[in-house]
Amino acid sequence: VGIDDFTLKQYKAGSTTFEYNVGGKLDNLQWGSNYYLFIAKLQDGTYKTCRLTIYVHQGGMAEKGKPVIYLYPTKKTNVSVKVEPKGGVTVSIPEYKNGWKVTALPDGTITDKKTKENYPYLFWESNDYTQTTDTSEGFVVETAKLEEFFNEKLEILGLNKKEIADFNEFWIAEINKEEKPYTFITFYSNEKINEEAPLTISPMPDSIMRVYFEHIGLDAPIETKEQQLTPAARSGFAVVEWGGKKFKWK
């Protein structure tokens, strides 16, 4: 979950609440998204879990929100992955440090060489200090129809059904938080995302699909030129990445 395991010591049996403190000085809270997973083992041997995300941002700041990287080699392969966003890597799973060293299987399973733990993808986030979104080219979508929109556009951009479902699960809920009837969406070109966050993978993949987008909640439709998307297809050792920019509104 991005933080060290923690066992609650000061707890009385039968209590229904507990207190867990977070903060920069405690080294368990940082800029960006902080993910926590609380697990309680009950007397009957069952478990209850609760997930919590805390966002901490400076005024006007955005972040590259939940970019995830899938690896699909044609055979079991040791892979080195480095991503170098301009805002630095603020959150990562597994731990990033100076890059990921993993073993990847054709079904997408990723094993971190250091911890030996398995992951469905590599996760990272970064600070993003750009303040505005260019609305001259993109799409205006009824927010209620985002799933239909993303299903169509992400398939064009090379994502499969599982990856599209992962994307929709996170981003549609995120966009709906703004409670706007319309949403402006624009996708980055490959050149722009490669400039914003260079990605280096060894051995070199046969195909790389990086999907990154920005959005703005709208009270009414705006005029924009419809964006033309370039179809993508995977082949051989394929790498797929998706993510987006999250502005922090006051």
Side-chain angles (χ1 to χ4, degrees), residues 30-34 53-69 83-91 123-159 163-164 166-199 208-232 240-250:
Q30 59 190 343
W31 293 114
S33 300
N34 296 266
T53 303
I54 298 177
Y55 301 102
V56 183
H57 299 276
Q58 297 170 329
M61 192 173 75
E63 71 178 12
K64 288 179 171 61
K66 201 183 178 181
V68 298
I69 302 171
V83 62
E84 300 173 279
K86 292 180 179 179
V89 174
T90 57
V91 182
F123 163 77
W124 63 274
E125 284 188 344
S126 173
N127 292 332
D128 190 326
Y129 296 97
T130 56
Q131 299 295 312
T132 60
T133 296
D134 183 359
T135 60
S136 62
E137 187 174 355
F139 306 91
V140 175
V141 186
E142 290 184 46
T143 304
K145 297 181 179 180
L146 280 173
E147 183 173 3
E148 178 183 345
F149 170 82
F150 282 132
N151 286 347
E152 176 188 350
K153 303 306 181 186
L154 295 178
E155 183 177 3
I156 293 173
L157 295 172
L159 273 63
E163 296 151 4
I164 293 172
D166 290 345
F167 179 103
N168 284 341
E169 180 182 12
F170 179 80
W171 279 110
I172 292 178
E174 190 69 26
I175 294 171
N176 280 333
K177 291 178 183 178
E178 298 179 27
E179 298 181 343
K180 298 291 186 179
Y182 297 91
T183 303
F184 170 81
I185 293 171
T186 185
F187 293 94
Y188 278 27
S189 65
N190 287 332
E191 291 75 17
K192 184 171 183 179
I193 186 56
N194 289 337
E195 177 185 354
E196 292 280 337
L199 180 65
I208 301 178
M209 286 143 284
R210 307 188 74 189
V211 177
Y212 193 86
F213 80 106
E214 293 185 28
H215 75 277
I216 300 175
L218 303 171
D219 292 314
I222 61 173
E223 292 293 330
T224 186
K225 178 182 178 182
E226 183 171 326
Q227 188 173 16
Q228 299 301 309
L229 302 179
T230 302
V240 177
E241 180 184 31
W242 57 253
K245 179 181 288 186
K246 293 197 295 186
F247 282 100
K248 296 304 161 185
W249 311 102
K250 294 182 179 180

Closest heavy-atom pair and its distance - [X], [Y]:
| X | Y | answer |
| --- | --- | --- |
| E155 | I164 | N-CD1, 3.8 Å |
| P181 | L218 | CD-O, 3.2 Å |
| V140 | I222 | CG2-O, 3.6 Å |
| E163 | W242 | O-NE1, 3.6 Å |
| A220 | Y182 | CA-CD1, 3.9 Å |
| G244 | W171 | N-CZ2, 3.3 Å |

In this structure, are over 12 heavy atoms from other groups packed under 6.0 Å from E148 atom CD?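 No, because the 6.0 Å sphere around CD of E148 holds 12 heavy atoms or fewer from other groups.
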Please answer whether the main-chain N or O of [Y] pairs with a side-chain N or O of [X] as donor and acceptor at a distance below 3.5 Å.
| X | Y | value |
| --- | --- | --- |
| T224 | F139 | no |
| R210 | I69 | no |
| T183 | T143 | no |

Side chains of [X] and [Y], heavy atoms from C-beta outward: is any pair under 4.5 Å?
| X | Y | value |
| --- | --- | --- |
| I172 | E147 | yes |
| V141 | L146 | yes |
| N194 | P198 | no |
| D134 | T186 | no |

Look up atom [atom1] in [X] and atom [atom2] in [Y], then write down how far apart they are to the nearest 0.5 Å.
| X | Y | atom1 | atom2 | value |
| --- | --- | --- | --- | --- |
| N151 | F167 | CG | CZ | 10.5 Å |
| L159 | M209 | CG | CE | 8.0 Å |
| D219 | E178 | CG | CD | 10.5 Å |
| E137 | K225 | CD | NZ | 5.0 Å |
| N190 | I208 | CG | CD1 | 9.5 Å |
| I216 | K245 | CD1 | NZ | 9.5 Å |

Decide ring pair (Phe, Tyr, Trp, His ring centres under 6.0 Å) for F213 and F150; before the verdict, give the C-alpha distance in whole Å, the side-chain angles of both, and the deciding distance to 0.1 Å. CA-CA 11 Å; F213 80 106; F150 282 132; 5.7 Å; yes
Tell me, please, which residues at least two apart from F184 pass ring pair (Phe, Tyr, Trp, His ring centres under 6.0 Å).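 Ring pair (Phe, Tyr, Trp, His ring centres under 6.0 Å) list for F184, sorted by chain: empty.
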Checking F187 now: which residues fulfil ring pair (Phe, Tyr, Trp, His ring centres under 6.0 Å) with it, not counting sequence neighbours?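 By the ring pair (Phe, Tyr, Trp, His ring centres under 6.0 Å) rule, F187 matches no residue at all.
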Please determine whether side chain to side chain contact (heavy atoms under 4.5 Å, CB included) holds for the pair L157 and L229, giving the CA-CA distance in whole Å, both sets of side-chain angles, and the decisive distance to 0.1 Å. CA-CA 7 Å; L157 295 172; L229 302 179; 4.2 Å; yes
Intermediate values then yes/no, side-chain hydrogen bond (donor to acceptor under 3.5 Å, both in side chains), E214 and T133: CA-CA 7 Å; E214 293 185 28; T133 296; 2.6 Å; yes
Can a cation-pi geometry be assigned to K192 and Y188, taking NZ or CZ under 6.0 Å from the six-membered ring centre and within 45° of the ring axis?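 Checked: cation-pi criterion met.
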